Amino acid sequence: MDTMALVSVAAAVSRSRSQLFPRLLLFRKRIVSGVQPTGAIHLGNYLGAIKTWIELQNSYDTLFFIVDLHAITLPYDTQQLSKATRNTAAIYLACGVDTSKASVFVQSHVRADVELMWLLSSATPIGWLNRMIQFKEKSRKAGDENVGVALLTYPVLMASDILLYQSDLVPVGEDQKQHLELTRELAERVNYLYGGRKWKKLGGRGGAIFKVPEPLIPPAGARVMSLTDGLSKMSKSAPSDQSRINLLDPKDVIANKIKRCKTDSFSGMEFDSPERPECNNLLSIYQLISGKTKEEVAQECQDMNWGTFKTLLTDALVDHLHPIQVRHEEIISDPAYLDGVLGEGATKAAAIADATLSNVYQAMGFLYR
Ligand code: AMP
Ligand code: TRP
């Protein structure tokens, strides 16, 4: 059974259990995830991460943050950071994150995160960080003089984000898989070095300090590709805006981007042909946006030419994104509401975070304050 099927089964079981035993809500598994407030949130972020969150929040204890501390790992605009942070929070809510179920907060508002990162960094071999593909790619692009140490230590902060909240599962796109593997290895290493009996002797509760989290990568949508090159991933940092659909793009911009996107000269539309990465990518986007199955889409589109398919895809995108855009506008024009949501989210998150941090200090042998 694939990951999402497992999640659906787990969700159904958890739902029926919590109807029977409301108190079991307390024992729900925990999920954390976040997006950086850099550039515009695009379809890759939505289909790879945010859209998955909406289903998960019904059956898991969920924490969704805006990872502003990660956003300063490359040169950035101080005038834009707080605006982008609010905007990203408003997008979460507009996409359907429900604050009666999930905590939404800003990463930097929970101080324990950076503190834990320092403790974790003492247990992280530098070789693990040097191996990270994202570090290699981003540092090559930025050039040595522009690469801060934080770009290298970024995965330790991400591990801290996850371990601090004792997360069971982390829904992310494919590109974050290596960072999740590092998080798991680091959790196991810290549990081995400082957990178990040693910690018990110090008066702790014994056992593991951290839960070892699992990645949750959606089977479809984990890697949404660029509109101008079906072999590169859709990305905030790609120089051309034509390469991505941003969630807040107006109707005419979406239509124009789809009209001008890369196609091929084969006839008909088909999934999974290695010679047709663009065709596969656009069909997958259509499948996820329309909520149809892969088989339904394959059948519906097999005899279409590019022109007909592009009209179908544009209409589906506009219909799907329009309500999100309307809701986003409402949320962003009510700063008091948004501040309230972020304040409440940070308070809930900090309570969990402080408990973990205090355990880690204790297990690592610090003088109790
Ligand atoms: P970022 O834009 O790096 O903050 O990514 C936020 C989330 O979106 C992470 O879970 C990524 O894995 C996911 N993501 C980013 N780009 C894509 C993409 N092209 N396809 C699928 N998921 C993506
Ligand atoms: N590094 C992730 C990205 O760029 C964002 C992120 C930071 C994250 N901390 C996290 C995602 C914790 C999930 C859990 O996409």
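Computed from a predicted model, the values in this text were never measured in an experiment. Start at 1 and go down the list; that is how both ligands and their atoms are numbered.
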Closest protein heavy atom to [atom], given as residue, atom name and distance to 0.1 Å:
| atom | result |
| --- | --- |
| atom 10 (O) of ligand 1 | Gly173 N, 3.2 Å |
| atom 15 (O) of ligand 2 | Gln176 NE2, 3.3 Å |
| atom 22 (N) of ligand 1 | Gly44 O, 3.1 Å |
| atom 4 (O) of ligand 1 | Gln36 N, 2.9 Å |
| atom 5 (C) of ligand 2 | Gly34 O, 3.7 Å |
| atom 20 (N) of ligand 1 | Val224 N, 2.8 Å |

Which ligand 1 atoms does [X] reach within 4.0 Å, using its non-hydrogen atoms?
| X | result |
| --- | --- |
| Gly48 | 21 (C), 22 (N) |
| Lys236 | 1 (P), 2 (O), 4 (O) |
| His42 | 16 (N) |
| Met234 | 16 (N), 18 (C), 19 (N) |

Asn359 versus Thr356, side-chain donor and acceptor atoms under 3.5 Å: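 Side-chain D/A pair, Thr356 to Asn359: absent.
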For His42 and Asp249, does a side-chain donor sit closer than 3.5 Å to a side-chain acceptor? no
Would you mind running through ligand 2 and noting each atom that sits below 4.0 Å from a heavy atom of [X]?
| X | answer |
| --- | --- |
| Val172 | 11 (C), 13 (C) |
| Asp161 | 7 (C), 9 (N), 10 (C), 12 (C) |
| Phe65 | 10 (C), 12 (C) |
| Ser33 | 13 (C), 14 (C) |
| Val170 | 13 (C), 14 (C) |
| Tyr154 | 1 (N), 2 (C), 3 (C), 4 (O) |

Electrostatic pair [X]:[Y] at N-O distance under 4.0 angstrom:
| X | Y | value |
| --- | --- | --- |
| Arg140 | Glu137 | no |
| Arg30 | Asp61 | yes |
| Glu278 | Lys262 | yes |
| Asp354 | Arg111 | no |

Can you establish whether the number of heavy atoms outside [X] located under 6.0 Å from its atom [atom1] is more than 12?
| X | atom1 | answer |
| --- | --- | --- |
| Lys101 | NZ | yes |
| Tyr192 | OH | no |
| Lys138 | NZ | yes |

Just to be sure I'm reading this right: ignoring hydrogens, which of Asn45, Ile50, Ile217, Asp175 gets closest to atom 5 (O) of ligand 1? Compare them by their nearest heavy atoms. Asn45
[X], portion touching ligand 2 at heavy-atom distance under 4.0 Å:
| X | value |
| --- | --- |
| Gln36 | side chain |
| Ile162 | side chain |
| Asp175 | neither |

Taking atom CG of Asp113 and atom OG of Ser160, what is their separation to the nearest 0.5 Å? 4.0 Å
[X] to ligand 1: N or O pair under 3.5 Å?
| X | value |
| --- | --- |
| Gln176 | no |
| Gly34 | no |
| Lys233 | no |
| Val35 | no |

Pick one of side chain, backbone, both or neither for how Ala222 approaches ligand 1, counting any non-hydrogen atom pair under 4.0 Å.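 The backbone, only.
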For the aromatic rings, using the six-membered ring if either is Trp, is the centroid distance between His179 and Tyr154 under 6.0 Å?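 Ring centroids of His179 and Tyr154 are less than 6.0 Å from each other.
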